[in-house]
Colleague: 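First the structure, which I've put down as structure tokens, then a few questions once you've had a look.
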Amino acid sequence: FEILEQAGIEKKYLNRQIRAKLPTWARVVELYGDHPIIVGLDRCQDFNPQPDKSLAFFGIAGFFNSGTNLLAELLIQNCQITERMDKFGEAQKGMRWQVPWGKHTPVKFREGHVTTTDKDV
């Protein structure tokens with residue numbers, strides 16, 4: 001019940017049938033690991049040489065139900081690219097709700113597909 005306890009759900013609210021269907025913590029760790037895995041950290045240097053930071057932005061992409069909405073909101077509310085704001089104004093923080101090819105669209109489509117709201121990016 002470690003995950004549920006961390007989420008603030010008490011055992012008393014879960015009947016026996018529901019508890020029997022829940023995976024054990026060991027099974028969760030076996031399936032997903034015991035820590036988040038961030039793919040691409042070893043390639044940061046490939047993206048750092050952006051000569052004009054005012055043109056940079058961050059966008060979110062990922063599988064359904066993987067926390068993309070939360071991550072997008074956290075970035076939008078807490079992060080900014082000051083060089084972009086200096087050039088385009090306070091509203092242009094450089095944090096986007098999704099990448100131009102779509103938040104849940106496979107990355108292999110990034111060169112040939114754009115969402116309607118991002119067709120000019």
Side-chain angles (χ1 to χ4, degrees):
F1 294 103
E2 187 174 334
I3 289 176
L4 298 174
E5 288 173 349
Q6 289 176 2
I9 300 172
E10 298 178 34
K11 286 183 185 179
K12 66 183 179 182
Y13 296 114
L14 302 171
N15 64 36
R16 186 172 292 172
Q17 291 171 323
I18 292 173
R19 288 196 309 252
K21 292 178 183 179
L22 295 174
T24 64
W25 179 248
R27 180 69 176 143
V28 171
V29 170
E30 179 184 325
L31 289 170
Y32 305 108
D34 62 354
H35 63 280
I37 298 172
I38 303 172
V39 178
L41 288 178
D42 59 322
R43 296 198 53 225
C44 289
Q45 69 280 1
D46 295 344
F47 300 95
N48 283 336
Q50 168 62 273
D52 186 353
K53 292 191 185 333
S54 70
L55 300 177
F57 62 84
F58 289 97
I60 303 304
F63 295 112
F64 289 101
N65 297 317
S66 65
T68 54
N69 287 332
L70 174 62
L71 183 55
E73 280 304 313
L74 288 171
L75 285 175
I76 289 166
Q77 296 298 320
N78 296 294
C79 299
Q80 63 190 31
I81 300 173
T82 52
E83 295 86 352
R84 186 173 181 84
M85 292 172 64
D86 291 344
K87 185 171 184 176
F88 297 107
E90 291 290 316
Q92 296 294 320
K93 294 182 177 183
M95 303 299 135
R96 302 179 62 84
W97 181 72
Q98 65 181 358
V99 293
W101 59 90
K103 188 165 54 160
H104 301 302
T105 305
V107 72
K108 68 181 181 180
F109 295 110
R110 74 177 186 259
E111 297 295 326
H113 171 78
V114 293
T115 63
T116 56
T117 58
D118 293 310
K119 61 182 179 265
D120 297 325
V121 174

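Numbers for residues simply follow the sequence, beginning at 1.
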Colleague: State whether the number of non-hydrogen atoms from other residues, nucleotides or ligands found under 6.0 Å of Phe88 atom CZ is greater than 12.
Modeller: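 Counting other residues, nucleotides and ligands, CZ of Phe88 exceeds 12 neighbours.
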Colleague: When you group the ILVMFWY residues by side-chain heavy-atom contacts below 4.5 Å and let the links chain together, are Trp25 and Leu31 in the same group?
Modeller: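 Leu31 and Trp25: one cluster.
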Colleague: What side-chain donor-acceptor pairs closer than 3.5 Å can you find for residues 57-73, not counting sequence neighbours?
Modeller:
{"residue": "Ser66", "atom": "OG", "partner": "Phe63", "partner atom": "N", "Å": "3.4"}
{"residue": "Ser66", "atom": "OG", "partner": "Phe63", "partner atom": "O", "Å": "2.5"}
{"residue": "Asn69", "atom": "OD1", "partner": "Lys103", "partner atom": "NZ", "Å": "2.2"}

Colleague: I need the minimum non-hydrogen distance between Lys93 and Arg84, along with the two atoms involved.
Modeller: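 Closest approach of Lys93 to Arg84, heavy atoms only: C-CD, 4.3 Å.
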Colleague: Provide the closest heavy-atom pair for Ala56 versus Ile81 in the form atom of the first, atom of the second, distance.
Modeller: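 Of all heavy-atom pairs spanning Ala56 and Ile81, the closest is O-CD1, 3.6 Å.
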Colleague: How long is the straight-line distance from CD of Glu90 back to CD of Gln92, given to the nearest 0.5 Å?
Modeller: 11.0 Å
Colleague: Can you get from Leu74 to Trp97 by hopping between Ile, Leu, Val, Met, Phe, Trp and Tyr side chains that sit under 4.5 Å apart?
Modeller: no
Colleague: Rounded to the nearest 0.5 Å, what's the gap from CD on Glu83 to CG on Asp86? Could you check?
Modeller: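 So the CD of Glu83 and the CG of Asp86 are separated by 7.0 Å.
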Colleague: What are the two closest heavy atoms between Ser54 and Lys87, and how far apart are they?
Modeller: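 Between these two residues, the closest heavy atoms are OG-CD, 3.1 Å.
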Colleague: Which distance, rounded to the nearest 0.5 Å, do you find between the CE of Met95 and the CD of Gln77?
Modeller: 12.0 Å
Colleague: Run the side-chain hydrogen bond (donor to acceptor under 3.5 Å, both in side chains) test against Arg16 and tell me which residues pass, sequence neighbours left out.
Modeller: none
